[in-house]
Amino acid sequence: MRYPLAKPYITGAEKRAVARVLDSGILSIGPEQDAFEKAFAKRAGTRYACAVSSGTTGLHLTLIAAGIKEGDEVITTPFSFVASANVILYMRAKPVFVDIDPLSYNMSGGEIEKKITKKTRAILVVHIFGQTCDMRAISAIAKKHNLLIIEDACESIDAKHYGEKAGTWGKAGVFAFYANKQMTTGEGGMIVTNDKHMDTMCRSLRNQGRAPNMQWLDHVVLGYNYRMDEMSAALGSEQLKKLSFSIRERQKIARWYTKHLAPYGDLIKTPATAKGNVHTWFVYVVQVLKKGVRRDDVMRKLNARGIGSKPYLPSIHLFSFYKKAFGYRRGDFPISESVSDRALALPLYVELTEKDIRSIVRTLISIL
Ligand SMILES: *Cc1c(COP(=O)(O)O)cnc(C)c1O
């Protein structure tokens with residue numbers, strides 16, 4: 001593949017950091033995790049940061065720590081990676097979907113308010129593709145109805161909404177470091193919060209429910225092994241150092257795409273950045289608008305010509321598991337479905353040049 005869809009940005013510094021951990025003999029529960037957490041909390045601007053084994057496990061722990069119970073309703077979006085809805089099911093709670101805003105592809109305050117019932121306990125917002133939801137409006141609704149906010153910021157590290165960072169609006173925010181995210185630890189995640197109880201609970205839960213002082217023999221709650229290992233943490237610290245650079249590069253690449261696609265607005269819809277937002281570009285997603293052209297055909301032809309692309313994202317409520325469990329049907333969330341039908345992610349990673357982007361755009365337009 002000449003242009004893969006995504007590629008981690010790994011340099012000698014990362015390789016040396018991981019080798020240093022391997023040489024140290026401490027491969028888990030050690031100083032690298034502490035250092036990564038401290039650096040991450042500082043950057044996020046939160047009091048606490050708790051490293052975990054993935055974004056999914058991080059979200060799971062925040063819901064346990066927040067006291068979500070069987071039968072509770074949690075409002076969330078169908079236009080997301082499946083994990084954000086699955087974690088609600090881990091709690092035997094009910095994900096209540098709201099349709100998305102057609103410009104930002106994020107959930108919006110108005111739709112959320114319509115779905116609030118006596119059973120609603122929390123709003124699990126997902127900041128999709130690298131920009132936050134309208135957190136001013138959503139925070140006001142949460143306050144009015146006394147609901148918790150948990151932020152799935154897995155795709156939106158460092159994104160800002162009126163100057164405030166993703167992950168810092170709610171009770172807790174969760175980031176993910178899978179290899180295609182803006183920074184990676186291989187597998188990994190981070191929970192940030194300003195709430196001491198949330199942090200203490202997550203630390204205990206990720207480590208088999210051990211008492212907060214980590215004494216060997218007392219397990220105070222039902223816990224898990226959701227820990228991050230030391231190699232991943234060392235890798236994460238190095239990736240964090242170059243995160244500003246990586247994001248600036250991604251923002252530059254996104255601008256190139258938008259500029260070179262601009263003359264073809266009747267064929268391709270380019271992504272929009274909502275008011276007050278700083279976008280940090282997890283993926284660059286366009287919609288295929290041309291009548292009679294199927295997105296999947298475009299994707300196949302791009303792939304055949306060495307350009308990676310993927311449908312970002314299928315709507316969660318139409319996955320067979322969700323259809324079977326909840327009886328969802330096509331038509332239930334028309335905006336989400338319409339974006340899912342037409343959306344296409346294009347290659348986005350540090351190292352792409354403007355020449356590359358011009359070449360990708362030229363190929364895409366010739367296919368259309
Ligand atoms: C990546 C991602 C996650 C978490 O993914 P993991 O693979 O578990 O780290 C959760 N939600 C969204 C929206 C994501 O994009």
Side-chain angles (χ1 to χ4, degrees), residues 5-8 36 40 49-64 74-91 95 97-98 100-101 104-107 122-133 135 149-159 166-167 169-170 172-192 202 205-206 224-229 232-233 235-236 239 243 247 250 271 279-285 310-317 319 322 336 339-340 343 345 348-349:
L5 184 61
K7 193 159 97 177
F36 183 33
F40 200 94
C50 171
V52 284
S53 55
S54 72
T56 307
T57 58
L59 287 167
H60 185 195
L61 295 191
T62 60
L63 294 186
I64 302 172
V74 178
I75 298 177
T76 192
T77 172
F79 192 74
S80 173
F81 179 58
V82 70
S84 58
N86 281 350
V87 293
I88 298 168
L89 296 180
Y90 296 171
M91 307 306 298
F97 293 127
V98 293
I100 55 169
D101 173 74
S104 67
Y105 309 150
N106 274 320
M107 32 196 316
I123 306 168
L124 197 160
V125 298
V126 181
H127 305 309
I128 211 74
F129 295 165
Q131 68 173 325
T132 69
C133 301
M135 290 312 294
I149 294 176
I150 300 290
E151 294 178 71
D152 178 341
C154 291
E155 300 189 356
S156 296
I157 190 165
D158 254 19
W169 292 79
V174 179
F175 298 90
F177 310 125
Y178 183 69
N180 66 349
K181 310 274 166 166
Q182 292 94 328
M183 61 171 274
T184 185
T185 61
E187 297 280 1
M190 190 73 79
I191 303 163
V192 300
C202 288
L205 289 164
R206 75 172 169 184
Y224 302 82
N225 175 359
Y226 283 175
R227 296 184 305 258
M228 174 178 278
D229 65 67
S232 298
L235 182 50
Q239 290 269 289
L243 182 62
I247 288 173
R250 299 175 89 91
H279 203 310
T280 60
W281 300 102
F282 163 56
V283 278
Y284 189 90
V285 174
K310 244 186 176 178
Y312 261 84
L313 291 150
S315 293
I316 296 172
H317 66 286
F319 286 138
Y322 278 84
S336 178
V339 181
S340 292
L348 177 60
Y349 50 90

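In listed order, ligands and their atoms are each counted from 1. Worth knowing before you read on, the calculation uses all heavy atoms, side chains too, and leaves out hydrogens, waters and symmetry mates. Along the sequence shown, residues are numbered consecutively beginning with 1.
With a 4.0 Å cut-off on non-hydrogen atoms, Ser80 touches ligand 1 through its side chain and not its backbone.
Ring geometry for Tyr90 against His60 counts as perpendicular: the plane angle is over 60°, on a 0 to 90° scale with 30° as the lower cut.
Without hydrogens or angle criteria, Glu151 side chain to Gly173 main chain gives no donor-acceptor distance under 3.5 Å. For Ser315 (side chain) and Pro78 (main-chain N/O), no donor-acceptor pair under 3.5 Å exists by modelled atom type.
Here the closest heavy-atom approach between residue Phe79 and residue Phe129 is recorded as CE2-CZ, 3.6 Å. Annotation for Asn180 and Arg250: closest pair O-NH2, 4.1 Å, computed over non-hydrogen atoms.
Taking only nitrogen or oxygen atoms, main chain and side chain alike, Gly55 reaches within less than 3.5 Å of ligand 1. Between Ser84 and ligand 1, a contact under 3.5 Å exists for no N or O pair. Any N or O atom pair closer than 3.5 Å counts here, and Thr56 shares at least one such pair with ligand 1.
Atoms of ligand 1 found under 4.0 Å from any heavy atom of Cys154, numbered from 1 in the order shown, are 2 (C), 3 (C), 4 (C), 10 (C), 11 (N), 12 (C), 14 (C). Within ligand 1, counting atoms from 1 as listed, the ones closer than 4.0 Å to a heavy atom of Lys181 are 1 (C), 2 (C), 3 (C), 14 (C), 15 (O). Atoms of ligand 1 found under 4.0 Å from any heavy atom of Val126 (numbered from 1 in listed order, with element): 13 (C). Distances below 4.0 Å separate heavy atoms of Ala176 from the following atoms of ligand 1: 4 (C), 9 (O). The contact set between ligand 1 and Glu155, taken as ligand atoms under 4.0 Å from a residue heavy atom, comprises 13 (C), 14 (C), 15 (O).
Within 6.0 Å of atom CZ in Phe319, more than 12 heavy atoms from other residues, nucleotides or ligands are found, so the atom counts as buried in its surroundings.
Among Ile191, Asp152, Leu205, Val192, the single residue meeting the side chain to side chain contact (heavy atoms under 4.5 Å, CB included) criterion with Thr62 is Ile191.
Atom 7 (O) of ligand 1 has as its closest protein heavy atom Tyr178 CB, 4.2 Å.
Heavy-atom proximity to atom 12 (C) of ligand 1, evaluated over Thr185, Asp152, Leu313, is greatest for Asp152.
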Worksheet entry | Verdict with reasoning, Ser80 to Thr77, per side-chain hydrogen bond (donor to acceptor under 3.5 Å, both in side chains) | CA-CA 6 Å; Ser80 173; Thr77 172; over 6 Å; no
